[in-house]
Amino acid sequence: MKFSSLGNNQVFQELSSSKGVLIKTGPFNVSVRSDSAEFGNLLAWFYRDFPLLTKDNIFDYHISLSRTRGIRRYWRTQICFRLDNRDLFEPFPSRYGLPLFEWGMNWCIATQAHRYLLLHASVVERNGLAIILPAFPGSGKSTLCAALIHRGWRLFSDEFGIVRPENGMVIPLPRPIPLKNESIDVIRKFAPNVEIGPLFPKTRKGTVAHLRVPTSSVEGMYVEALPRWVIFPRYQSSAKVDIVPIPKSYALLKLATNSFNYGVLGKKGFILVGNIIRSCDCYDFTYGNLDDAVNRLNDLAMGCHA
Amino acid sequence: MHRIQNTKAARSLLIDLIVYPENAICLKPLEWDFLLRMARSSRLLGRLGKQLESQGFYSSLPEKVNDYLAGAQALVERQQRMAHWEINRLQRSLSEFDIDIIVLKGCGYLISEIPVSVGRSFSDVDIMVSKRYIEDVENHLIEKGWRSDKLDEYDQRYYRDWMHEVPPLRHRDRSMEVDLHHTILPLTCKLKPNANFLFQQAIDVRGCQFKVLAADDMVLHSATHLFYGSELNGDLRDLVDLNDLFNYFSTTNESFWLALNNRAVELELQRPLFYALRYCRKLLGTSIPDFVFENIKTGTPAGWIIWIMDLLVPAAILPEHPDFPSRLTAIARWLLYVRSHYLRMPLYLLIPHFFRKSIKRQKLIPAMVKFNKDTTAN
């Protein structure tokens, strides 16, 4: 059963119940509770294609987005993120429930999902092969990722490269992609049929808006893939597209140090990252224009057969 | 199927799982859903995982349970690595000190490799030196790169002047906290076990220049720390430690119980031992011979005190159902929090200390997103 099968009233009813709305997002089962209708509407819109689970499951995260009590319930209203009924973060203005939910979920996964290797990277897939795009400041990875998934690539994740230790496969975790500032308009022009949610201005990252995951990527969430390329993107305005192979030793260090839990996994993390680097072609990738960047990566993928 | 929606029933299931891990195969997903979180908040997931693994149940558990356990295991292993490394660095830095240095509590279990350390996480390293060396040792560690963790002037005074303790240290390159002690309870506490006795009986550890407490002292320290040094706030893990220590030492040493009794009298720690024995037996069903209780009758508190503690301790020490918090638990925890401070600090220090703590804001993770002042208007 999908989220979209719930009517508006039902959504709010489920959100307010003791168990909450039960969503499967990638490998994680999430229970979401809330007393904010505004947040509930956005959640339903962004996650409408996602499968709902029954109560007879074990959930990874039990999250609630609750309007704060006391005077803040009526004046300069706020909303707070709770995990297992514990306040973790400072509250946000009540309109910002959705970005708070997304960032809070990221924190939960990054600090707890140590059953997997968690790379800080975007991952996209085509023909059964995945590109890992590690996130460095200035990489523009979210914009590039958003562009790729509207040109034939399947979204695995914008934020987490989740690797299964047993076999090195990357696991999809499709979730709304946060776009910042100019990227929002850039992607609107690039893919006019794109679905972008409301703007959230004046955050620390500037104005943020979220891109809805294409239905095909949501439906593909059960299909894992082997990584084939590790590509370190770097956006440089007006730069020509350039893709340069890099030494594997350098790639290993860059990938490892840009992982959420490499340190937690210790030796196992080292071996896993080493395996990825060994089995992938590794490149530095500079681009100034999205169309050129996407075309270049499409060429790369076509030149290779699974 | 009836859903468990209250703390009491949930706790009962959790204890059943801790004491009889083989019952794991009967659990339903709905039950696992809250039990795993309760075990995690009690820091017992690592231990549970190891028990299930050793009894061969891993493959018959739901996949999500394995996910939780694997995640917990990764964190436990990381903590153990960090603890080992910190102890290694401490040994290296203190190698020129020809004095007895005892590793206490969790890290003591770790370096002496007793079963209670399996699956256990460690948040800090506790070492004890004789009072006359403590200043030298602290200064030496600071020279070698450790820094005093609590830089607030009030906190420094709290530790040094009032509690007669060294504030926690942390090496500038690492995240592990090191607590330097000269005794096992603050000097302001009513109970004053003689630290020299502990040093006299301390035992060597193979391959390590540090020592650990003897078996009976380990147990007494754990009991004292739990019932006189902590707030009992969800500290089920510490009670489980005691259960594991009792079980291990009593099966490997015939005269353990008698030695424990005698030592409690010698160190005047009958009261914390009484509580440890009582609540291990009551809550975890630990097998303890009756004569052990008899022999510390002098330390047994008055009937009305036992009655109150019987109400408060289980309510405070056990975790709540994560979705249905209990008001009673909150009250019990607050009362025992007050008790723990009352036992450690004289009233003339206690009252201003509480006042100050109540105005200090609760620490939350700084907002991931900062807002300009205008954003708050809707």
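Chain naming here is simple, since letters A, B, ... match the order of the sequence lines and numbering starts at 1 in each. Fair warning: this is a prediction, and the values are worked out from it, not measured in the lab.
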Tell me whether the centres of the aromatic rings in F50(A) and F3(A) are closer together than 6.0 Å.
no
Ring centres under 6.0 angstrom apart (F81(A), W103(A)):
no
Measure [X] against the heavy atoms of chain B and call it side chain, backbone, both or neither at under 4.5 Å.
| X | answer |
| --- | --- |
| N29(A) | both |
| D84(A) | both |
| P99(A) | neither |

Bottom line for L69(B): the part with an atom under 4.5 Å from chain A's heavy atoms is neither
Indicate whether any N or O donor in one side chain lies under 3.5 Å from an N or O acceptor in the other, for T7(B) and S326(B).
no
What's the spacing between L265(A) CG and S259(A) OG if we round to 0.5 Å?
7.0 Å
Here the gap from D235(B) atom CG to L239(B) atom CG, rounded to the nearest 0.5 Å, amounts to 9.5 Å
I need the residue from H62(A), Q112(A), R86(A), R33(A) with the largest number of non-hydrogen atom pairs under 4.5 Å to chain B.
H62(A)
